[in-house]
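From a predicted model like this one, the values you see are computed outputs, not experimental measurements. The chain is numbered in sequence order, starting from 1. These values consider heavy atoms only, across backbone and side chains, with no hydrogens, waters or symmetry-generated copies.
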Amino acid sequence: MAYIKVIEGKGMQIPSNPTIGYIEGDGIGPDITKASIAAINASLEIAYKGQRNIVWEKVLAGEEAMENTGKHLPQESLDLLKKCVVSIKGPLTTPIGQGFRSLNVTLRQYFDLYANIRPVKFFPGVPSPVKNPEKMNMVVFRENTEDLYMGIEWKYDSPEATMLRKFLSDNFSVNLTDDTGIGIKPISRFRSARLVRKALEYAVQNKRKSVTLVHKGNIMKYTEGAFKDWGYEVARTEFGDKTVTEEEYLKQPEAFPSRIVVKDRITDNMFQQVLTRTEDYDIIATTNLNGDYLSDALAAQVGGLGLAPGGNVGDVYAIFEAVHGTAPKYAGMDVANPTSLMLSGEMMLRHLGWNEAADILEGAIMSAYKDQKVTQDLARVLNIKALKCSEFASEVIKRMRPIK
Ligand code: NAP
C-alpha cells in the first residue's frame with residue numbers, strides 16, 4: 001500500500017495510488033459513502049485511465065466502532081487516519097450523555113485541522129429561496145480550533161463559576177449575579193493568523209478577487225477585533241505584493257488591477273450583505289462561531305445543507321466531510337442526497353492536485369442538477385419524481401465526460 005507523505009518544506013508527496021481513509025459514518029452515512037466512492041472512482045478512471053487511482057482504507061468510527069471495539073473512536077482508527085494523511089468521512093452521531101465530546105470536534109483537535117473550508121456556489125436546477133442564487137460563489141474559511149468552541153464554560157451554580165465571579169468582582173469590579181453561567185472566548189494571534197494565511201494562500205492560488213475578514217470587533221475588541229487586526233497584518237506582511245486593502249483600492253482602483261482586495265465586515269452587516277450584495281464577496285475568513293452560522297446561512301441561499309461540501313484542513317492532515325448530520329430517519333433507506341459528500345470528495349481531489357478528476361466529478365453533478373435528476377429532499381420541493389441515493393450516483397457517473 002502506498003501512503004501520502006508530508007515532507008517539511010516540500011508539502012505532500014502523493015503516489016499515483018494513495019491509500020485514502022474513509023469513515024462511513026452513522027445513519028445515512030453508509031448510503032452516501034457508497035454513492036460518493038463510486039462517483040470518485042469513476043471520475044478517476046475517466047480522467048487518468050488507470051494511471052491514478054485511490055486505494056480506500058475503511059476506518060471505524062461512530063456506532064459501528066462502538067459495536068466492534070467498545071469505543072466510538074478507537075486509537076487504531078486515529079492511527080489509521082494519521083497514516084493516510086488525507087481522509088473523507090460521512091456524518092457521525094454525537095453520542096448523548098455526560099462526558100461525551102463530539103467525535104467531529106475530537107478529530108479536528110487531534111489532527112489540528114484548524115481551517116474548516118466551505119465552498120458555496122449555485123448549481124442551476126437546484127431550488128433556492130433567493131431570486132439570483134447564481135450570484136453566489138464564495139468559500140468560507142472558518143477557524144476550527146478556538147473561540148467559544150473550546151468548551152471552556154461553567155454552569156451558573158458550579159464551584160468554578162462561583163470562584164470566577166468572586167475573582168472578577170474582587171479584582172476587576174465586574175459584578176455578575178449568582179445565576180450567571182460563564183463561558184470563555186479565547187482568540188489568539190497565532191491561530192487567527194494561520195487561518196487568514198490559509199484563506200489568502202487559497203485566494204492567490206485560485207486567482208480570487210477578495211478576502212473579507214468577518215468579525216464582531218465593534219463589541220468584542222480584544223477577541224473578534226484582534227482577529228481582524230491580525231488578519232490585516234498577515235495580508236500586509238506576508239502577501240503585501242499580492243493584496244491591497246479595500247481602503248487603498250477604492251482610492252485608485254485602476255492602480256491595482258490584479259491584487260486581491262482585503263476588506264472586513266462586521267458580522268451582522270455581513271449577514272445582510274451576502275443577501276443584498278452577494279456578488280461583492282468571494283473568500284471569507286472568520287472566527288469559529290461566526291463561521292458556523294454564516295456557512296450554513298450561505299448554503300441555504302443555494303439549496304441547503306444536502307449540497308454543501310466541507311473540508312477540515314491543517315498544515316499536515318485533512319479530513320473532508322459532508323456538512324449535514326446523520327439524518328437517522330433515512331438510515332438504510334437509500335433515499336439520502338449524497339451530493340454534500342460527493343462534492344467533499346471533489347474538494348479532496350483538488351487538495352491532492354487531481355483537478356482533472358475533480359472537474360469531471362463536478363461537471364457531472366452539475367449536469368444531473370441541470371436536468372433535475374434529484375433525490376427526495378429536492379424532488380419534493382420541485383414536485384417531481386425522486387431518484388434514490390444510489391440512482392443519483394449512477395446518474396452522475398453516466399454523465400461523466402473527459403475534460404477537453
Ligand atoms: P441532520 O442529520 O443534518 O438532519 C436534519 C434534517 O436535514 C434531516 O431530517 C433531513 O431533513 C435533512 N437532511 C440532512 N442531510 C440530508 C441528506 N444528505 N439528504 C436528505 N436530507 C438530509 O441533523 P440532526 O438531525 O440535527 O442531527 C442528527 C445527528 O447528526 C446528531 O447526532 C448530530 O450530532 C449529528 N451531526 C453530525 C454532523 C457531522 O458528523 N459532521 C453534523 C451535524 C450533525 P427532512 O427531515 O426535512 O427530510
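Between Glu391 and Lys385, no side-chain nitrogen of the basic residue sits less than 4.0 Å from a carboxylate oxygen of the acidic one, so the salt-bridge criterion is not met. Ion pairing of Glu224 with Lys228 is absent here, as no side-chain N (NZ or NE/NH1/NH2) approaches a carboxylate O to less than 4.0 Å. With respect to Arg197 and Glu238, a salt bridge is recorded, a charged nitrogen being found less than 4.0 Å from a carboxylate O. Taking a cutoff of 4.0 Å between a charged side-chain nitrogen and a carboxylate oxygen, Lys185 and Glu146 do not qualify as a salt bridge. Electrostatic pairing of Glu64 and Lys58 counts as a salt bridge here, judged by a charged N lying under 4.0 Å from a carboxylate O. Residues Asp371 and Arg399 are paired through a salt bridge, judged by an N-O separation under 4.0 Å between the basic side chain and the carboxylate. Comment: Asp268 engages Lys216 in a salt bridge, judged by a side-chain N to carboxylate O separation of less than 4.0 angstrom. A salt bridge links Arg350 to Glu362: one of the charged nitrogens lies within less than 4.0 Å of a carboxylate oxygen. Taking the charged nitrogens against the carboxylate oxygens, Arg401 and Asp359 have no contact shorter than 4.0 Å, which rules out a salt bridge. Checked for salt-bridge contact, Arg208 and Asp282 meet the test: a charged N lies under 4.0 Å from a carboxylate O.
Tyr149 and Asp292 share a donor-acceptor pair across their side chains, judged by distance under 3.5 Å alone. For the 3.5 Å distance criterion, the side chains of Asp315 and Tyr114 qualify, holding a donor opposite an acceptor. No hydrogens or angles considered: a donor-acceptor pair under 3.5 Å links the side chains of Asp264 and His215. For the residue pair Arg142 / Asn288, a side-chain donor-acceptor distance below 3.5 Å is found, with atom types taken as modelled. Looking only at atom types and distance, the side chain of Tyr281 has a donor-acceptor partner in the side chain of Gln273 under 3.5 Å away. Checked by atom type, the side-chain pair Thr93/Glu63 shows a donor-acceptor distance below 3.5 Å. A donor-acceptor contact closer than 3.5 angstrom links the side chains of Thr145 and Glu143. Side-chain contact annotation: Asp112 with Gln109, donor-acceptor N/O pair under 3.5 Å absent. Residues Thr326 and Asp26 have side chains that never bring a donor and an acceptor to within less than 3.5 angstrom of each other. Residues Thr33 and Ser36 bring no donor and acceptor atom of their side chains to less than 3.5 Å of each other. Under the 3.5 Å distance criterion, with hydrogens and angles disregarded, no donor-acceptor pair is assigned to the side chains of Asn41 and Asn53.
The 12-atom threshold is exceeded at NZ of Lys89, counting heavy atoms of other residues, nucleotides or ligands nearer than 6.0 Å. Annotation for Tyr156: atom OH does not count as buried by contact number, only 12 or fewer foreign heavy atoms lying within 6.0 Å. A 6.0 Å sphere centred on CD of Gln75 holds more than 12 heavy atoms belonging to other residues, nucleotides or ligands. In the displayed structure, Glu8 atom CD is contacted under 6.0 Å by at most 12 heavy atoms of other residues, nucleotides or ligands. Surrounding NZ of Lys263 are more than 12 heavy atoms belonging to other residues, nucleotides or ligands, all under 6.0 Å away. For OH of Tyr222, the number of neighbouring non-hydrogen atoms (other residues, nucleotides, ligands) closer than 6.0 Å is 12 at most.
In this structure a side-chain-to-backbone donor-acceptor pair under 3.5 Å is missing from Ser77 to Leu73. Asp31 places a side-chain N or O within donor-acceptor distance of the main-chain N or O of Asp334, the cut-off being under 3.5 Å. Panel note: side chain Thr375, backbone Asp377; no donor-acceptor pair is recorded below 3.5 Å. Distance alone, capped at 3.5 Å, is enough to place a donor-acceptor pair between the Thr278 side chain and the Val274 backbone. Side-chain atoms of Thr287 do not come within 3.5 Å of backbone N or O of Leu289 as any donor-acceptor pair.
Of all the heavy atoms in Leu44 and Leu349, the pair that sits closest is CD2-CD2, 3.9 Å. Closest approach of Ala327 and Ile28 over heavy atoms only: O-CG2, 3.6 Å. Of all non-hydrogen atoms in Ser340 and Ala308, the two that sit nearest each other are OG-O, 2.5 Å. Counting all heavy atoms, side chain and backbone alike, Ile365 lies closest to Met342 at CD1-CB, 3.8 Å. Nearest heavy-atom pair, Ala65 versus Pro74, reported as atom, atom and distance to 0.1 Å: CB-CD, 3.8 Å.
Rounding to the nearest 0.5 Å gives a distance of 14.0 Å between CG of Asn17 and OH of Tyr48. Annotation: the span from Met270 atom CE to Leu298 atom CG amounts to 7.0 Å, rounded to 0.5 Å.
In this structure, Phe392 has its ring center closer than 6.0 angstrom to the ring center of Tyr369.
Ring planes of Phe172 and Phe167: perpendicular class, angle over 60° (limits at 30 and 60°).
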